[in-house]
Every structure is written in C-alpha cells, then in structure tokens.
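Fair warning: this is a prediction, and the values are worked out from it, not measured in the lab.
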Amino acid sequence: MPNKVLRILLYLIAVAFSIKSVKEPDIFWQTKIGHYILQNLSIPKQDVFSILAHGQPWTNIKWGFEVLMALVDSAFGIIWMPLLQILFSVLIVFFVLKIVSLLSNGKLLHPLSYLLLMFGIMGMAYRFNTRPEMVSHLFTIALIYAWLFAKRNSIKFLLWVVPIQILWCNMHDAYALGYIISGVFLLSCFVEDFKNKENLKYLGIVVLQFLISIINPKFLGVFTQPFNTFSQVTENKYTLEMQGISSPAYWQKEVYIAAFMLLILVAGIAFLFLKRKEKPNLALVILSLLTLYLATSAFRNIVFFIIVSLPMAVILFDKIIEEKETFLRKPMMYVSIGISAAFGLLLYAAIVTDSYYKFFNERQQFGFYSGAANNPSSTADYLNRSNAAQPIYSDYLSSSYLLYAVKNFKTYVDLRDMDVFTKKQIMHGLYVSGSPDSFNAADKKYNFQTVVLLRKQFIKLHYWLMNNPEFTLTHIDECCAVYQKKSAGNVVDMDFKEANIMSSAASLFNHILNPFFDSNKKNFETPGDYLFEHYLNAGMRPEAINIIKTEKRIPDARKKILTAELLFDSINIKQDKSYLDRAKIYLEKSKEINPKDIQVYLDLGNIAKVEGEYIQAEKYFKTAENIDAKDIILLHYFADLYMKWATANEVAANPDYTKKAISYYKRIIADDPLDYKTYFSMGNAYDMINEFGKAAKCMKASLALGLKGKDTNIAKEVIEKNEE
C-alpha cells in the first residue's frame with residue numbers, strides 16, 4: 001500500500017510539472033506549421049514563413065508532432081497544449097518504473113528510493129515544455145524498456161522498436177538516439193554471450209529499425225541529418241538551452257541533480273563489485289556514459305542523462321539501503337515512508353502554488369492559461385483589426401506568436417534557428433533588433449511598413465523609432481509596441497482587453513489541482529504606464545508629463561509612482577538632490593496605497609543606491625524580490641548595487657559583495673544568454689577577485705556576442721592577463 005501511494009505521488013508530481021502557462025515561443029510557430037500542413041495536406045520543402053530565408057530548402061523533421069499540436073489547438077485551444085506534455089510525462093514515469101521493476105525482478109522499492117525518483121523528475125522537469133523534444137525523451141526510455149523486456153522475456157517484443165523509430169524520425173530530430181540505444185544493446189549482447197544464436201535475430205531487428213527510417217520526408221537524407229543536428233548544437237549558442245558546460249549560464253540546478261545521479265551510479269557500481277560481486281547492466285552503463293557526454297554539450301541535453309541513468313541509479317541506491325538492515329525494520333520503515341510522502345506532498349504543493357518556480361528563480365507559472373505579459377495577444381489583435389500594412393518587421397522572440405495569430409504574417413528571423421537560417425542570417429537578425437544602424441539598412445532593403453518589438457527589450461531600437469519622424473508609435477500594450485510608417489495620426493491605440501487567456505474549463509481544472517489557484521492574475525501597470533515609460537526612455541519628457549496629467553485610466557497611486565520616476569530621471573539632467581527627496585515622498589505614499597507594487601521598491605532602492613545608502617537599498621530590493629524574484633530589472637539593480645558596494649572602499653574591492661554581484665549576473669545570463677554587456681560586467685567582477693580564468697571566459701563570450709567600442713580593449717586585456 002505505501003508503495004502505491006508513493007507511485008501515485010510520482011505521477012502527480014509529473015503532471016504538476018507538465019502544466020505550465022503557454023508562453024514558450026516555439027509552441028506557436030510549431031502549431032502554425034501543423035495547421036499549414038493540415039490545410040495543404042503537404043509538408044513544406046522550402047521556407048514559406050520568413051522574409052530572410054524565403055525559398056531556402058527546408059525539410060521539417062518535426063512535422064508529425066506539429067500536426068499533433070495543431071489538432072490539439074483545433075480541438076481544445078492553445079492553452080490546453082500542456083495536455084500533450086502530461087501524456088508524455090506520465091508515460092516517461094511509467095516506463096522508468098517498469099524498468100526499475102525489471103531490474104529488481106519485481107521487488108518492492110524501499111520508500112527512501114522514491115526520493116531519488118522525485119529528484120529525477122525534478123531534473124527532467126525543466127524540459128517539460130510542450131515541445132516536440134518530449135518525443136525523444138519518451139522514446140529514449142521506451143526503447144530501453146523494449147530491449148530489457150525482450151531480453152528477459154520474448155524477442156518478439158523487440159519488434160516494437162520499428163514503429164517507435166518510424167514515429168521518432170517524423171516527430172523530432174534526435175531520432176539518432178534510437179540507433180545508438182539499439183546499437184549499444186546489440187553490442188552488449190555480443191559481449192555478454194558472443195555465441196548466442198539469438199544475437200543474429202537482434203541484429204536483424206536493428207538493421208530493420210535502421211532501414212525503416214527512410215519513411216521520412218528526407219528519405220535517405222535521414223541518415224546524414226544527425227550529423228547536421230550535432231553540428232548545429234556546436235555552432236548555435238544563441239539560447240540558454242544550447243549553452244555547453246564551459247558557459248556560466250549552463251550551471252543550473254539540473255546540472256547538480258545530474259551530478260548527484262552520477263555520484264549514486266559510481267557509488268552503487270563500486271558497491272556491487274566490492275560487496276556483492278555483481279555486475280551492473282552493461283548496456284545501461286554505456287548509455288549513461290554516452291548521454292553524460294551529450295549532457296556536457298548543451299544544457300537541454302542534461303535531461304537525457306537523467307532519463308537513462310535514473311532507473312539504474314534507483315536500483316543501486318535501493319541495494320545500498322538494503323545493506324543497512326535497520327532501515328528495513330519497524331519503526332524505521334514507517335519513518336522512511338513518512339519522509340518520502342512528506343517530501344512528495346511538499347514538492348507537489350510547491351509546484352502548483354508557483355513556490356517552486358519562485359525559489360529557483362524560474363520564469364514559469366503553473367496552470368492552463370496564456371499570460372498576456374509573455375504572448376503578444378493584444379498586439380496580434382491590433383494588427384488584425386487594423387489590417388496593418390506589410391511587410392512587418394518583428395523581433396525574433398515575438399515573431400512566433402505573430403506567425404501563429406496574424407493573417408499573412410511573415411517573420412524576419414525566427415526561432416526555427418539553424419534548421420532554416422544560416423548562422424550569418426541569425427546573427428544579422430539579432431543585430432537588426434539591437435542596432436538602429438542595422439535596422440535602418442534592412443529597412444532600406446525591405447521597406448518595412450510596420451515594426452513590432454517587445455516593449456521591455458531592444459531599448460536602442462525603441463529609442464530610435466520613437467525619435468524617427470518616418471515612424472509613429474501606433475499601439476502599445478503589456479507585451480509589445482507597434483510602429484508604423486505613414487500613419488494617419490499620432491494617437492496611440494490603447495483600446496484593448498489585456499487579460500490572461502483562461503477558459504472556465506481551464507480555471508476549473510487549475511482549481512482541482514490547486515484549490516487556491518488565482519484565476520485573475522493582476523497587473524498593477526496600466527496602458528498609460530506603458531506609454532509613459534516609452535516617452536521617458538525616448539527622452540520625450542513633455543509627452544511623458546502630459547501622460548501623467550491627462551491619462552484618465554491611470555489610477556492616482558500609479559500617477560504618484562510615475563511622477564516619482566520622472567523626478568528620479570530628472571537627477572540625470574539637473575543634478576538636484578531635491579528631486580530625489582520629492583520622489584521619495586511620492587513613492588512612500590504610493591507604497592501605502594499599494595504595498596505590492598514592485599516598481600515602488602525598485603525606485604526606492606535605486607534612490608537609496610544613488611545616495612550611497614546600500615543597506616537600505618538592499619532592503620528595498622529584497623522586498624521587491626519577495627514580490628517577483630524573476631523581474632529582470634531587479635536582477636540588474638541587485639548586481640549594480642553589489643558592485644557599487646564592493647568598490648565603495650577605494651583601497652580594495654570587497655570580495656563578498658563582488659561574489660553576490662556575480663550570482664546575479666549569472667541569473668541575468670540564464671535569462672538572456674546573448675547579453676554580452678552582462679558577460680562583460682561579470683568578467684570585470686571575476687577579474688576584481690583574481691579569478692582570471694573565469695574572467696577570461698566571460699570576456700571571450702562578450703566579444704563573441706558583439707561587444708564593441710572601448711570595452712573591447714578592456715576585454716582583451718583581461719584575456720591576455722589570464723594567458724600570462
């Protein structure tokens with residue numbers, strides 16, 4: 001009975017980790033392509049979705065899963081896409097438990113072994129993101145189970161590898177793992193008993209598995225595609241998931257979970273040899289080593305090592321516990337059950353209340369819904385109802401949703417990355433979003449009529465567009481700003497319904513899993529806030545002042561905060577401390593009206609930092625962290641505070657504060673691995689505490705990502721210092 005309860009907890013945890021608000025950009029372009037395939041009853045052979053790569057050859061390996069996504073979208077709506085992840089996650093846990101049962105000959109696990117299973121699910125959960133890669137996660141463990149079961153029972157069961165491989169080759173490009181898994185098991189069969197006649201049957205099935213892969217849009221090209229995919233992994237380092245072991249952004253909690261799993265494997269194998277003279281499963285050992293190597297190449301691949309090694313690690317862990325007989329006797333058995341059950345319940349509660357994501361500073365939220373702050377739903381609605389002129393330029397992040405939701409829209413560069421675009425085209429796309437000069441050159445070539453940019457990113461281009469007479473800001477919302485050429489007037493559209501998309505059925509389901517789920521995610525900012533901020537960032541102070549005076553939709557509390565920001569901004573112009581004092585008065589009043597507005601504490605902390613009151617600034621930022629630990633501006637403020645604090649003493653930098661600043665730089669880079677300025681700042685911080693090797697790595701990363709100007713000389717000096 002206790003084992004059944006703990007197993008149910010495992011499935012509940014997997015389900016909870018699978019239900020996340022739909023904001024992963026890839027989901028939208030993949031669903032769009034699925035709809036395209038269903039409408040045209042054909043798989044596109046060249047790019048028809050972008051401006052920059054239009055007509056370039058493209059064979060879409062993931063088409064099968066994208067069709068599945070489109071079917072879910074048509075039947076239920078985009079917010080229900082996590083249903084697919086729930087199905088796959090539950091099946092992954094199912095096969096892990098089946099393999100554990102096979103390896104233990106059906107013996108019940110010790111309750112403490114379930115703790116390791118829970119940690120394993122935690123290590124996989126970062127890739128529970130409703131993307132086609134879940135196919136590779138499931139088929140990896142399913143194929144291992146097929147081999148283990150066939151070797152124990154009937155070779156006929158191994159024929160399941162054939163349909164698995166056909167589906168795999170048409171749903172995700174990591175299908176080469178199927179060849180590797182079967183190849184390793186086949187090798188282990190010959191090593192364990194070279195003369196066994198069954199080995200020839202195994203060989204025949206593996207050859208069939210390999211040849212059947214040609215049922216695929218690439219036909220014979222299916223055999224060379226894995227080499228192209230591996231080449232992309234080594235070249236494409238534009239997102240966190242592609243960062244390798246040498247990158248500071250790579251070192252997230254999943255790395256430490258995998259390291260713990262590796263420790264269990266090494267200790268368990270040593271225990272078997274020394275204590276019981278037993279041998280571990282050779283194929284699983286080899287696969288664990290291969291996937292460990294794979295895990296070091298890219299952050300997204302850590303999950304494969306955890307999936308492959310988890311069943312064997314659990315068995316070895318169980319054998320070690322079994323050696324200590326006192327753990328198997330009452331009352332220690334009941335204590336063990338209580339510990340595992342309590343941890344599982346706490347973990348489940350932490351996930352469904354978002355406490356887990358807040359604790360680990362992850363930009364995830366539990367629930368079936370689509371957040372307006374992350375997906376440009378209001379922007380897409382505006383573009384459709386205004387019949388916005390094309391071509392439309394959009395940044396590579398917002399382009400996925402617009403491709404999904406806007407009629408006849410084409411991206412410039414999008415998140416299909418090197419499947420479609422060349423490395424040169426990707427870098428060009430990044431520069432166009434970040435550099436006004438690059439954008440201007442692209443505009444002269446393509447004559448963009450409309451521009452869409454995420455509101456809180458690409459500040460330089462926003463500033464340039466706001467001050468360019470050829471473009472007019474015509475729409476602004478929580479997520480994006482829209483600029484258009486030859487606009488009829490200067491009135492900015494703010495007439496939109498800004499809300500999280502959540503159906504009544506989704507709300508009910510969310511409340512079943514978490515009775516305290518908040519169905520009304522509140523946003524303290526208003527459309528007037530967004531426009532005010534845009535004017536202020538563009539240096540258009542009269543327009544910003546006018547917003548505070550005339551915008552009726554801004555509550556009085558928000559107007560006080562905006563006034564405080566305006567006063568604080570004036571310090572950079574007039575260098576008058578009285579402005580700071582007046583700003584503090586407004587902010588303190590606003591804090592009384594709305595004590596949970598993060599902007600109040602960000603501004604108060606920033607003022608305290610300017611005044612040199614570092615302890616007080618830290619208190620304000622800590623309060624802001626309790627409200628939203630993931631706020632990217634807060635992370636920058638924290639890092640800047642600790643660097644200023646570290647260098648307050650002119651004699652020598654304080655290493656403790658420098659290390660605190662570094663911890664925040666790492667979190668910023670984890671959110672945006674392309675932030676070369678933060679790499680540069682982190683390199684300087686490491687240099688200050690004489691960690692020259694790490695400093696040089698950061699500086700090399702900043703140069704590779706586009707560091708320019710005088711800072712390049714500083715970066716090169718730091719690199720040379722390390723080489724000396």
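- For the pair Asp477 (side chain) and Tyr382 (backbone), a donor-acceptor distance under 3.5 Å is absent.
- For the atom pair Ile426 CD1 and Arg416 CZ, the distance stands at 11.0 Å (nearest 0.5 Å).
- Formation of a donor-acceptor pair under 3.5 Å by the Asn514 side chain with backbone atoms of Phe516 is found in this model.
- In this model, no donor atom of one side chain and acceptor atom of the other lie less than 3.5 Å apart for Trp464 and Asn467.
- Between the side chain of Asn440 and the main chain of Pro436, no donor-acceptor pair closer than 3.5 Å is present.
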What's the verdict on ring-ring contact (aromatic ring centres under 6.0 Å, His included) for Tyr126 and Phe299, showing C-alpha distance, side-chain angles and the deciding distance? CA-CA 10 Å; Tyr126 78 113; Phe299 180 68; 4.9 Å; yes
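- Separation of the Tyr412 and Tyr446 ring centroids falls under the 6.0 Å cut-off.
- Val352 places none of its side-chain heavy atoms less than 4.5 Å from the side chain of Phe517.
- With respect to the salt-bridge test (charged N to carboxylate O, under 4.0 angstrom), the residues Glu470 and Lys485 qualify.
- Heavy atoms from other residues, nucleotides or ligands lying under 6.0 Å from OH of Tyr357 number more than 12.
- Counting heavy atoms from C-beta on, the side chains of Ile51 and Val413 never come closer than 4.5 Å.
- The shortest side-chain heavy-atom distance between Phe471 and Val451 falls under the 4.5 Å cut-off.
- Residues Ile302 and Tyr250 meet the side-chain proximity criterion, which asks for heavy atoms closer than 4.5 Å.
- Nearest heavy atoms, Ser74 versus His35: OG-CE1, 3.1 Å.
- Once rounded to the nearest 0.5 Å, the distance linking CD1 of Ile632 with CD of Gln457 reads 8.5 Å.
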What verdict does the side chain to side chain contact (heavy atoms under 4.5 Å, CB included) test give for Gln390 and Gln449, after you've listed the backbone C-alpha separation in whole Å, the side-chain angles of each residue and the deciding distance to 0.1 Å? CA-CA 6 Å; Gln390 304 216 28; Gln449 296 300 303; over 6 Å; no
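- Residues Phe409 and Ser399 come closest through the heavy atom pair CE2-O, 3.7 Å.
- For the pair Gly34 and Ala70, the tightest heavy-atom approach, listed with the atom from each and the gap, is C-CB, 3.5 Å.
- For Phe366 and Phe17, the gap between ring centers reaches or exceeds 6.0 Å.
- A donor and an acceptor atom, one from each side chain of Ser50 and Asp47, are located under 3.5 Å apart.
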Quick one: do Asp381 and Ser378 satisfy side-chain hydrogen bond (donor to acceptor under 3.5 Å, both in side chains)? Show the steps, please. CA-CA 5 Å; Asp381 176 65; Ser378 298; over 6 Å; no
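- Counting heavy atoms from C-beta outward, Met171 and Lys62 have side chains that stay 4.5 Å or more apart.
- The structure places CG of Leu465 at 12.0 Å from CZ of Phe458, a figure rounded to the nearest 0.5 Å.
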Does the side chain to side chain contact (heavy atoms under 4.5 Å, CB included) test come out yes or no for Ile392 and Val452, once each step is laid out? CA-CA 7 Å; Ile392 299 172; Val452 180; 4.0 Å; yes
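- Here the closest heavy-atom approach between residue Ser702 and residue Phe680 is recorded as CB-N, 3.8 Å.
- Distance CG/Leu634 to CD1/Ile627: 9.5 Å, rounded to 0.5 Å.
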Using the rule given for side chain to side chain contact (heavy atoms under 4.5 Å, CB included), can you reason through Arg455 versus Cys480, listing the C-alpha separation, both sets of side-chain angles and the distance that settles it, and then say yes or no? CA-CA 4 Å; Arg455 191 170 60 83; Cys480 291; 5.6 Å; no
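- If you check the side chains of Gln85 and Asn129, you find no donor sitting under 3.5 Å from an acceptor.
- When only modelled atom types and interatomic distance are considered, Trp29 and Asp414 share no side-chain donor-acceptor pair under 3.5 Å.
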Evaluate the criterion side chain to side chain contact (heavy atoms under 4.5 Å, CB included) for residue pair Tyr36 and Val67; output intermediate values, then yes/no. CA-CA 9 Å; Tyr36 178 91; Val67 166; over 6 Å; no
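- Looking only at side-chain heavy atoms (C-beta outward), Met134 and Phe65 come within less than 4.5 Å of each other.
- Judged by distance alone, the side chain of Ser18 and the main-chain N or O of Ala14 form a donor-acceptor pair under 3.5 Å.
- Contact check on Arg127 versus Glu24 returns no salt bridge, with no Lys/Arg side-chain nitrogen under 4.0 Å from an Asp/Glu carboxylate oxygen.
- For the residue pair Asp73 / Tyr404, a side-chain donor-acceptor distance below 3.5 Å is found, with atom types taken as modelled.
- Between the Asn384 side chain and the Lys407 main chain, a donor and an acceptor come within less than 3.5 Å of each other.
- By the 6.0 Å and 45° rule, Lys253 stacks over the aromatic ring of Phe360.
- Here the side chains of Leu52 and His428 are in contact, with some heavy-atom distance below 4.5 Å.
- Of the inter-residue distances, the one linking Ile19 atom CD1 with Met81 atom CE reads 14.5 Å to the nearest 0.5 angstrom.
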Is there a ring-ring contact (aromatic ring centres under 6.0 Å, His included) between Tyr393 and Phe439? Walk through the geometry before answering. CA-CA 10 Å; Tyr393 173 80; Phe439 174 83; 5.6 Å; yes
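- In this structure a side-chain-to-backbone donor-acceptor pair under 3.5 Å is missing from Asp173 to Ile61.
- Across all non-hydrogen atoms, the minimal contact from Asn375 to Cys479 is C-SG, 4.0 Å.
- Between Tyr530 and Glu478, some side-chain heavy-atom pair lies under the 4.5 Å cut-off.
- Separation of atoms CZ (Phe368) and CZ (Phe76) is listed at 10.5 Å; rounding is to 0.5 Å.
- Of the possible donor and acceptor atoms, none in the side chain of Lys32 sits under 3.5 Å from a partner among the backbone N and O of Leu402.
- Side-chain contact, Ser507 with Asn510: no donor N or O sits under 3.5 Å from an acceptor N or O.
- Using modelled atom types and a 3.5 Å distance limit, the side chains of His462 and Tyr483 yield a donor-acceptor pair.
- Between the side chains of Gln484 and Thr474, a donor-acceptor pair is found at a separation under 3.5 Å.
- Contact detail for Phe28 and Val22: the closest heavy-atom pair is CZ-CG1, 3.8 Å.
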